[in-house]
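Here is the structure we will look at, set down as structure tokens.
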Amino acid sequence: MPASGFVSPDAIRAQFSRAMSDMYKQEVPLYGTLLELVAATNEAVLAEQPAVAQALRRSGELQRLGAERHGAIRVGTAEELATVARLFAVMGMQPVGYYDLTPAGVPVHSTAFRAVHEASLQVSPFRVFTSLLRLELIANAELRDTAAQILARRQIFTPGALALIEQHETAGGLDPAQADEFVRQALETFRWHHEATVTSAQYRALHEQHRLVADVVAFKGPHINHLTPRSLDIDRIQQGMPAKGIVPKAVIEGPPPRRHPILLRQTSFKALQEQVAFTDQRSAEGSHTARFGEIEQRGAALTPAGRALYDRLLATSREALAGVPSEGNASDYMRLLGEHFSEFPDNLEHMHNQGLAWFRYRPTERGLAAAAGHGRTLDALVRDGHVVFEPIVYEDFLPVSAAGIFQSNLGDDAQNEYGQNANQAEFEAALGRAVIDEMSLYQATQQRSIEQCLQRFGLPAAPEAGSMPS
Ligand code: OOG
Ligand code: NI
């Protein structure tokens with residue numbers, strides 16, 4: 001605990017992430033089964049591949065591996081989004097990135113709340129992908145008004161959570177008892193309630209518009225709709241799911257398998273059908289499908305150049321498939337991905353020298369021993385093996401992958417046409433602040449590692465290196 005007597009936001013986030021996971025395990029037992037499968041697979045990979053274990057230990061990711069996960073929520077109004085941002089700020093989570101999901105026929109736009117500094121990420125990388133419903137994209141004016149009225153009536157935060165958010169904002173932090181209470185109160189916002197807030201007829205009308213509209217509007221709050229542990233071998237888990245009674249989605253989203261993973265690969269199990277009670281029913285006679293489980297495998301964060309290459313290769317792979325990836329063409333899709341992505345270097349030296357990924361630099365023992373009077377530039381230190389580098393892990397999301405995840409649990413019939421409708425300014429107005437550009441965060445982390453490295457050799461700090469050391 002810092003001298004102020006306040007609990008660090010990182011510790012509150014770690015505590016909240018554990019509490020969310022415990023709650024979700026109880027709400028969706030299949031998620032517990034998935035966690036067991038992921039833990040067993042990660043252990044096997046670490047035992048079989050000591051180099052992987054060593055790299056994770058060095059970068060500090062090993063200690064966070066078992067606790068690492070992200071979740072997702074969907075809110076209905078600007079006010080809900082702005083307050084949820086204040087709630088996440090108590091836990092050191094800030095909005096990073098802007099994601100437009102309208103090209104995929106999903107009427108939302110989104111950001112990811114997460115820690116932004118590598119030291120905080122090491123304590124807890126917990127992230128929440130947060131989407132705001134865009135009622136203005138719904139053509140039916142009457143339904144739009146009804147939905148807006150229903151949303152205006154609900155309060156998704158407990159009085160206790162609101163009071164503690166204010167306490168944090170005015171006093172600058174929370175003491176241990178307040179932090180415990182905050183986690184308890186904040187959890188309530190994300191809990192599942194099987195009592196809907198609408199009649200069965202209203203639900204049907206909302207659902208006909210889009211299943212996502214019903215999911216956001218018809219319930220008391222933004223229930224957590226999935227949690228996602230990080231796995232070290234997503235292909236093995238995808239294959240292992242059916243034996244555990246888990247039905248995976250058709251394809252793994254993101255890049256193909258590689259020796260040196262990049263960005264993010266994701267797969268999920270399909271949303272479960274759950275019983276709900278509408279306001280005109282005495283018991284839970286209705287049903288709703290919303291909640292699911294997901295797994296991810298994270299790799300190197302890419303620079304703008306690397307990301308442009310990724311986007312191009314993904315787009316050409318998908319064009320070559322002529323259709324959306326599904327059960328029927330899954331093996332064709334994986335083959336096409338593999339073919340197209342052979343253009344993306346799968347070698348850390350090449351990725352480094354071509355400026356495709358962000359890296360963390362570290363002095364070697366040999367380098368430090370030979371340091372006296374040696375080495376002028378980072379380049380020279382790297383060339384002589386006195387400094388080595390490893391990729392910085394990607395902490396964010398991918399819009400095309402997110403769309404695939406949305407679609408697999410909304411049902412593939414849920415294709416609507418909203419066209420390209422990005423509106424970051426409107427999202428930020430609702431949020432009450434600008435989102436942080438993720439590239440600036442990776443660049444700052446890389447730059448800090450360069451400066452620490454040069455300092456160890458008694459060299460002056462290098463000027464901003466951009467995406468490539470020079
Ligand atoms: C969010 C889907 C996106 C991911 O991991 O890309 C997502 C949602 O379904 O609300 O979680
Ligand atoms: Ni997800």
Side-chain angles (χ1 to χ4, degrees), residues 17 20-21 24 28 30-31 34-35 38 68-76 80-81 84 88 93 95-114 125-134 156 189-190 192 210-219 221-231 234 237-238 248-249 251-255 263-272 274 288-299 310 314 325 393-412 414-416 427 438:
S17 161
M20 279 281 249
S21 187
Y24 203 60
V28 181
L30 206 52
Y31 165 67
L34 184 66
L35 278 187
V38 169
E68 174 156 4
R69 56 186 66 94
H70 82 251
I73 58 166
R74 306 155 183 168
V75 297
E80 288 178 358
L81 181 67
V84 103
F88 285 135
M93 298 160 83
V96 179
Y98 172 77
Y99 303 87
D100 171 28
L101 275 299
T102 56
V106 185
V108 303
H109 45 186
S110 320
T111 190
F113 287 94
R114 67 166 176 91
F126 184 59
R127 328 157 175 84
V128 180
F129 191 89
T130 302
S131 302
L132 172 64
L133 177 64
R134 300 182 69 180
I156 65 171
T189 296
F190 307 106
W192 170 252
H210 199 297
R211 193 191 295 179
L212 182 122
V213 177
D215 185 58
V216 177
V217 177
F219 295 92
H223 39 262
I224 182 88
N225 68 49
H226 66 283
L227 281 179
T228 307
R230 176 174 173 193
S231 91
I234 197 169
I237 298 178
Q238 174 92 346
K249 75 186 277 299
V251 297
I252 297 176
E253 300 289 343
L263 297 173
L264 177 61
R265 302 183 68 213
Q266 296 162 284
T267 182
S268 59
F269 67 72
K270 301 220 164 155
L272 310 169
E274 297 174 282
H288 178 67
T289 11
R291 302 187 307 152
F292 58 102
E294 187 192 8
I295 49 169
E296 64 185 19
Q297 179 164 6
R298 291 187 175 265
Y310 170 80
L314 185 71
V393 64
Y394 188 58
E395 304 284 350
D396 295 289
F397 294 86
L398 297 166
V400 174
S401 299
I405 300 286
F406 264 110
Q407 268 151 4
S408 82
N409 71 80
L410 290 172
D412 296 326
Q415 296 278 353
N416 285 285
F427 185 81
E438 68 274 16

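Quick note: residue numbers are just sequence positions, from 1. Note that ligands are numbered from 1 as they come in the structure, with each ligand's atoms numbered from 1 the same way.
- Judged by distance alone, the side chains of Y31 and S21 do bring a donor and an acceptor atom under 3.5 Å apart.
- Protein N/O/S atoms closer to the Ni ion (ligand 2) than 2.8 Å number 3 in this structure.
- At under 3.5 Å, a nitrogen or oxygen of E294, whether backbone or side chain, sits near a nitrogen or oxygen of ligand 1.
- Of all protein heavy atoms, the one closest to atom 3 (C) of ligand 1 is A402 CB, 3.6 Å.
- One finds a salt bridge joining E274 and R291 here, because a Lys/Arg side-chain nitrogen approaches an Asp/Glu carboxylate oxygen to under 4.0 Å.
- Residue, atom and distance of the protein heavy atom nearest to atom 6 (O) of ligand 1 are Q266 NE2, 3.1 Å.
- The shortest non-hydrogen separation linking I156 to G221 is CG2-CA, 3.8 Å.
- The side chain of H226, and not its backbone, has at least one atom closer than 4.0 Å to an atom of ligand 1 (non-hydrogen atoms only; side chain from C-beta on).
- Those atoms of ligand 1 with a heavy atom of F406 less than 4.0 angstrom away are 1 (C), 2 (C), 8 (C), 9 (O), 10 (O).
- Here T228 has no heavy atoms under 4.0 Å from ligand 1, in either its backbone or its side chain.
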Chi angles and distances behind the side-chain contact (heavy atoms from CB on, under 4.5 Å) call for H226, Y24: CA-CA 8 Å; H226 66 283; Y24 203 60; 4.3 Å; yes

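- Contact annotation: H70 has at least one heavy atom less than 4.0 Å from an atom of ligand 1.
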Go through the steps for I73 and V84 under the test side-chain contact (heavy atoms from CB on, under 4.5 Å), then give the verdict. CA-CA 10 Å; I73 58 166; V84 103; 4.1 Å; yes

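- Ring-plane geometry between F129 and Y99 is classed as tilted, the angle between the planes lying from 30 to 60 degrees on a 0 to 90 degree scale.
- Of the options E294, E253, E296, a side-chain hydrogen bond (donor to acceptor under 3.5 Å, both in side chains) to Q266 is made by E294 and by none of the others.
- Counting heavy atoms closer than 4.0 Å to ligand 1, residue A72 contributes side-chain atoms (C-beta onward) but none from N, CA, C or O.
- Atoms of ligand 1 lying under 4.0 Å from any heavy atom of F397, numbered from 1 in the order shown and given with element: 4 (C), 5 (O), 6 (O).
- H288 and D215 make their closest contact through NE2-OD1, 2.7 Å (heavy atoms, listed as atom of the first residue, atom of the second, distance).
- Below 3.5 Å of separation, one finds no N or O of S131 facing any N or O of ligand 1.
- Remark: the backbone N or O of D396 is paired with a side-chain donor or acceptor of R298 at under 3.5 angstrom.
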Run the side-chain contact (heavy atoms from CB on, under 4.5 Å) check on L133 and V217 step by step: do they pass? CA-CA 9 Å; L133 177 64; V217 177; 3.9 Å; yes

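- The nearest heavy-atom contact from the protein to atom 10 (O) of ligand 1 is R74 NE, 2.8 Å.
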Under the side-chain contact (heavy atoms from CB on, under 4.5 Å) rule, what do F406 and S131 come out as? Steps first, then yes or no, please. CA-CA 11 Å; F406 264 110; S131 302; 3.6 Å; yes

